[in-house]
2 protein chains.
Amino acid sequence: MERTPSHPEVSTFNLQQVLEALVDPVRRSIVMQLDATCEDIACGAFDISVSKSTATHHFKVLREAGLIRQHYVGTSRMNTLRRAEMDEALPGLLDALTTPQAQGALISGSAGK
Amino acid sequence: MERTPSHPEVSTFNLQQVLEALVDPVRRSIVMQLDATCEDIACGAFDISVSKSTATHHFKVLREAGLIRQHYVGTSRMNTLRRAEMDEALPGLLDALTTPQAQGALISGSAGK
DNA sequence: GTCAAAGTTTGACGGCTATCGTACTTATAT
DNA sequence: ATATAAGTACGATAGCCGTCAAACTTTGAC
């Protein structure tokens with residue numbers, strides 16, 4: 001059996017599906033963690049508080065929207081953020097979600113008074 | 001009775017609520033129409049295909065997320081896009097949704113063969 | 001005062017989806 | 001070969017949300 005899942009092409013990315021993927025806090029957290037490290041992360045290595053089966057569901061939604069790419073390394077399924085392709089399809093969207101303001105703001109440092 | 005609804009302050013805008021407002025195609029269409037004209041539009045003057053009561057619901061969601069400001073002019077409720085304030089709270093988000101790519105692309109002109 | 005126009009409110013309904021547990025599959029280590 | 005680890009697949013469930021119709025409110029026109 002083939003263990004490599006199908007990934008959509010950039011030309012088929014669409015805003016509706018991407019927004020539906022990103023509106024869920026757990027999925028957005030996954031994307032943020034990938035964006036923060038710029039490295040591949042195994043499904044089980046994310047800091048999320050849902051069961052494994054629920055996590056699988058979230059990764060599927062992210063993959064089908066084109067946000068992540070998945071491949072196996074042993075028994076671990078590694079996840080890569082498709083940053084460049086998403087930027088090409090929907091310029092500025094991921095940038096907007098990764099700004100300090102989009103996160104909670106309050107970056108410490110000059111913590112107002 | 002006061003007919004002016006309450007509007008959230010910029011400091012209380014939050015990404016989750018804004019994304020939940022923008023993920024619905026009808027509501028995103030409302031925002032796009034407001035962004036395209038840069039003028040106030042009455043609730044009944046939008047090109048949307050839902051009943052009046054459903055439209056009321058959508059406007060409420062948009063207002064509570066901070067995306068629009070509403071005020072009465074006679075019996076008509078006018079809607080204003082809070083563009084500058086939203087840009088301050090979540091820089092780049094509305095820009096990302098109004099790019100040609102975010103829309104259907106295919107802007108005609110050089111319609112590839 | 002009467003009527004029409006523009007929205008709101010309320011209640012109901014249906015479908016979608018995030019969630020979980022259990023069983024299953026695949027690969028690695030012993 | 002056995003056991004364990006990492007995910008997947010499959011129901012099942014519960015809650016939310018978009019939708020509408022009907023009744024109501026408010027304003028402006030006649």
Side-chain angles (χ1 to χ4, degrees), chain A residues 1-7 14-34 39-65 67-81, chain B residues 1-7 14-34 39-65 67-81:
Chain A
M1 181 202 303
E2 184 54 80
R3 295 238 293 162
T4 302
S6 65
H7 294 86
N14 67 89
L15 177 62
Q16 185 60 38
Q17 198 174 358
V18 172
L19 284 182
E20 282 169 3
L22 291 172
V23 77
D24 184 275
V26 174
R27 288 195 290 265
R28 203 161 62 250
S29 170
I30 291 171
V31 170
M32 293 304 110
Q33 291 178 48
L34 281 171
E39 290 180 3
D40 294 9
I41 304 179
C43 287
F46 284 89
D47 180 19
I48 52 180
S49 52
V50 292
S51 68
K52 285 206 299 180
S53 52
T54 299
T56 295
H57 163 67
H58 285 312
F59 286 115
K60 181 182 180 186
V61 172
L62 287 171
R63 187 185 68 237
E64 294 181 342
L67 280 157
I68 63 172
R69 188 177 297 279
Q70 296 189 297
H71 71 280
Y72 275 99
V73 175
T75 64
S76 292
R77 194 166 208 177
M78 305 302 296
N79 300 275
T80 314
L81 185 62
Chain B
M1 184 202 304
E2 185 55 80
R3 296 238 293 160
T4 301
S6 66
H7 293 85
N14 67 89
L15 178 61
Q16 185 60 38
Q17 197 174 358
V18 171
L19 284 182
E20 283 170 2
L22 291 172
V23 77
D24 183 274
V26 174
R27 289 195 290 264
R28 204 162 61 249
S29 170
I30 290 171
V31 170
M32 293 303 112
Q33 291 177 49
L34 281 171
E39 291 179 5
D40 294 9
I41 304 179
C43 287
F46 284 89
D47 182 20
I48 53 180
S49 53
V50 293
S51 68
K52 286 205 298 179
S53 51
T54 299
T56 295
H57 164 66
H58 285 313
F59 286 114
K60 180 182 179 185
V61 173
L62 289 171
R63 187 185 67 236
E64 293 182 340
L67 280 158
I68 62 172
R69 188 178 296 279
Q70 296 188 296
H71 70 281
Y72 275 99
V73 175
T75 63
S76 292
R77 194 167 209 177
M78 304 303 296
N79 300 276
T80 313
L81 185 62

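Just so it is clear: chains get the letters A, B, ... in the order the sequence lines come, proteins before strands, and each one is counted from 1. Note that these values count all heavy atoms, side chains included, but never hydrogens, waters or copies made by symmetry.
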Next item on the list: Measure from NZ on B:Lys60 to P on C:dA6 and round the result to the nearest Å.
Entry: 23 Å
Next item on the list: Applying salt bridge (charged side-chain N to carboxylate O under 4.0 Å, His left out), name anything that partners B:Arg69, two or more places apart in sequence or on another chain.
Entry: B:Glu85
Note to self: From C-beta outward on B:Asp24, which listed nucleotide comes closest to its side chain: C:dG7, C:dA18, D:dG18?
What the structure shows: D:dG18
Note to self: Using whole Å, what does the distance between atom P of nucleotide D:dC17 and atom CD of A:Glu20 come to?
What the structure shows: 14 Å
Next item on the list: Round to the nearest Å and state the distance from B:Phe59 atom CZ to D:dC17 atom P.
Entry: 19 Å
Note to self: Using a heavy-atom cut-off of 4.0 Å across all strands, would you classify B:Tyr72 as base, sugar-phosphate, or nothing?
What the structure shows: sugar-phosphate
Notebook entry, point to check: Once you round it to whole Å, what is the distance between P of D:dC17 and CD of B:Gln16?
Noted result: 10 Å
Margin query: Heavy atoms from C-beta onward define the side chain here; which of D:dA6, C:dG7, C:dT26 lies closest to that of B:Ser76?
Written below: C:dG7
Notebook entry, point to check: Whole Å only: how far is the CG atom of A:Leu22 from the P atom of C:dA18?
Noted result: 12 Å
Notebook entry, point to check: Whole Å only: how far is the CZ atom of B:Phe46 from the C1' atom of C:dG7?
Noted result: 14 Å
Between the protein and nucleotides 20-24 of chain C, are there any N/O to N/O pairs under 3.5 Å, and if so, what are the atom names and distances?
unit_1: C:dC20; atom_1: OP2; unit_2: A:Ser51; atom_2: N; d: 2.8
unit_1: C:dC20; atom_1: OP2; unit_2: A:Ser51; atom_2: OG; d: 3.2
unit_1: C:dC20; atom_1: OP2; unit_2: A:Thr54; atom_2: OG1; d: 3.1
unit_1: C:dG21; atom_1: N7; unit_2: A:Ser53; atom_2: OG; d: 3.3
unit_1: C:dG21; atom_1: O6; unit_2: A:Ser53; atom_2: OG; d: 2.8

Notebook entry, point to check: Looking for any heavy atom pair under 4.0 Å, which part of the strands does B:Ala42 touch: base, sugar-phosphate only, or nothing?
Noted result: sugar-phosphate
Notebook entry, point to check: So, is B:Arg27 close to the D:dG18 phosphate, meaning a side-chain N or O under 4.0 Å from OP1 or OP2?
Noted result: yes
Notebook entry, point to check: What is the nucleic acid contact for B:His57, judged by heavy atoms within less than 4.0 Å: base, sugar-phosphate only, or nothing?
Noted result: base
Checklist line | Under the side chain to side chain donor-acceptor pair (under 3.5 Å) test, residues paired with A:Gln33 that sit two or more places apart | finding: A:Ser29
Item checked: Atom of B:Arg63, atom of B:Ser6 and distance for their closest heavy-atom approach -> NE-O, 3.6 Å
Item checked: Under the side chain to side chain donor-acceptor pair (under 3.5 Å) test, residues paired with B:Thr75 that sit two or more places apart -> none
Check: At their closest point, which heavy atom of A:Leu19 faces which heavy atom of B:Leu22, and how far apart are they?
Finding: CD1-O, 3.8 Å
Note to self: What's the separation between atom CZ in A:Phe59 and atom OG1 in A:Thr54, rounded to the nearest 0.5 Å?
What the structure shows: 11.5 Å
Check: How long is the span from the CD1 atom in B:Ile30 to the NE2 atom in B:His58, to the nearest 0.5 Å?
Finding: 6.5 Å
Check: Say you draw a straight line from OG1 of A:Thr80 to CD of A:Glu39; how long is it, rounded to the nearest 0.5 Å?
Finding: 10.5 Å
Item checked: Atom-pair distance (CD1 on B:Ile41; P on C:dG7), nearest Å -> 12 Å
Note to self: Without decimals, in angstroms, what is the distance between A:Arg3 CZ and C:dT25 P?
What the structure shows: 13 Å
Using the 3.5 Å cut-off, write out each protein N or O paired with an N or O of nucleotides 28-30 of chain C and the distance between them.
none

Notebook entry, point to check: Listed by chain and number, what are the side-chain contact (heavy atoms from CB on, under 4.5 Å) partners of A:Val61, not counting sequence neighbours?
Noted result: A:Ala21, A:Arg27, A:His57
